[in-house]
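Worksheet: one structure, shown below.
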Amino acid sequence: MLLYAILVFAVAAIGGLVLASSVLRGKLAPWAISALHALLGASGLVLLILVVLQGAAPGRLTAALALLVLAALGGFFLASFHLRKQVAPKVVVLVHAGVAVVGFLTLLSLLLA
């Protein structure tokens with residue numbers, strides 16, 4: 001299930017790149033990609049939670065989950081701008097992306113170890 005979570009987050013990251021590129025150019029991100037990005041992120045989190053609930057989760061898995069939950073909270077904040085039809089602040093997009101990347105790399109390190 002860990003592999004599936006990593007794959008889901010990887011696809012979500014591709015959508016995130018598209019969304020971030022729109023915002024960094026000062027444009028409102030496409031709704032369809034935004035919704036898909038959120039759905040994939042949520043699905044990845046559910047998969048990670050299921051892995052943790054199976055027991056004996058390594059510390060890195062818990063850290064990755066915490067980072068990705070933090071990134072998701074940032075994503076909700078970004079979505080609030082989208083709902084108001086405002087371009088999100090670039091710094092928030094960069095922080096959201098940075099936390100998500102660190103969480104993803106932490107998760108990936110489990111698979112590669």
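One is the number of the first residue; the rest follow in order along the sequence.
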Heavy atoms of V93 and A88 approach each other most closely as CG2-CB, 4.1 Å
Show me the donor-acceptor pairs, under 3.5 Å and distance only, between side chains in residues 10-18 and residues at least two apart or in other chains.
none

Applying a strict under-4.5 Å side-chain criterion to I, L, V, M, F, W and Y, I'd like to know whether I33 and L40 cluster together.
no
Does L53 have any side chain to side chain contact (heavy atoms under 4.5 Å, CB included) partners at least two apart in sequence or in another chain, and if so, which?
I49
Using side-chain heavy atoms (C-beta onward) and a distance below 4.5 Å, is L112 in contact with L108?
yes
Return the set of residues passing side chain to side chain contact (heavy atoms under 4.5 Å, CB included) with V92 (not counting sequence neighbours), or none when no residue passes.
F77, L78, P89
If I compare all heavy atoms of S34 with all of L19, which pair ends up nearest, and what's the gap?
N-CD2, 3.7 Å
Is there a path of hydrophobic side-chain contacts, each under 4.5 Å between heavy atoms, that joins V46 and L68?
yes
Could you list the residues that satisfy side chain to side chain donor-acceptor pair (under 3.5 Å) with S109, not counting sequence neighbours?
R60
Which residue pairs pass the side chain to side chain donor-acceptor pair (under 3.5 Å) test when at least one of the two sits in residues 65-75, sequence neighbours left out?
none
Partners meeting side chain to side chain donor-acceptor pair (under 3.5 Å) with S80 (sequence neighbours left out):
R84
Return each pair, listed once, that meets side chain to side chain donor-acceptor pair (under 3.5 Å) where at least one residue sits in residues 12-26; pairs must be two or more places apart or across chains.
none
Using the side chain to side chain contact (heavy atoms under 4.5 Å, CB included) criterion, which residues pair with V52? Sequence neighbours excluded.
A57, L61, L65
Going hydrophobic residue to hydrophobic residue with side-chain gaps under 4.5 angstrom, can you get from L3 over to L50?
yes
Taking distance alone, no hydrogens or angles, what donor-acceptor pairs closer than 3.5 Å link side-chain atoms of residues 99-107 to residues at least two apart or in another chain?
unit_1, atom_1, unit_2, atom_2, d
T106, OG1, V102, O, 2.7

Enumerate the side chain to side chain donor-acceptor pair (under 3.5 Å) contacts for residues 40-49, please, sequence neighbours excluded, ordered by first and then second residue.
none
Is it true that V51 and L45 fall in one hydrophobic cluster, defined by side-chain heavy atoms closer than 4.5 Å?
yes
Can you pull out every ring-ring contact (aromatic ring centres under 6.0 Å, His included) where at least one residue sits in residues 24-70? Sequence neighbours excluded, please.
W31-H82
Return the minimal non-hydrogen interatomic distance between L47 and M1, and the atom names on each side.
CD2-CG, 3.7 Å
Keeping to residues at least two apart or across chains, list the side chain to side chain donor-acceptor pair (under 3.5 Å) pairs with something in residues 64-74.
none
Closest heavy-atom pair and its distance - L48, F9
CD1-CE1, 3.7 Å
Report whether V23 and L28 are members of the same hydrophobic cluster (ILVMFWY, side-chain heavy atoms less than 4.5 Å apart, transitive linking).
no
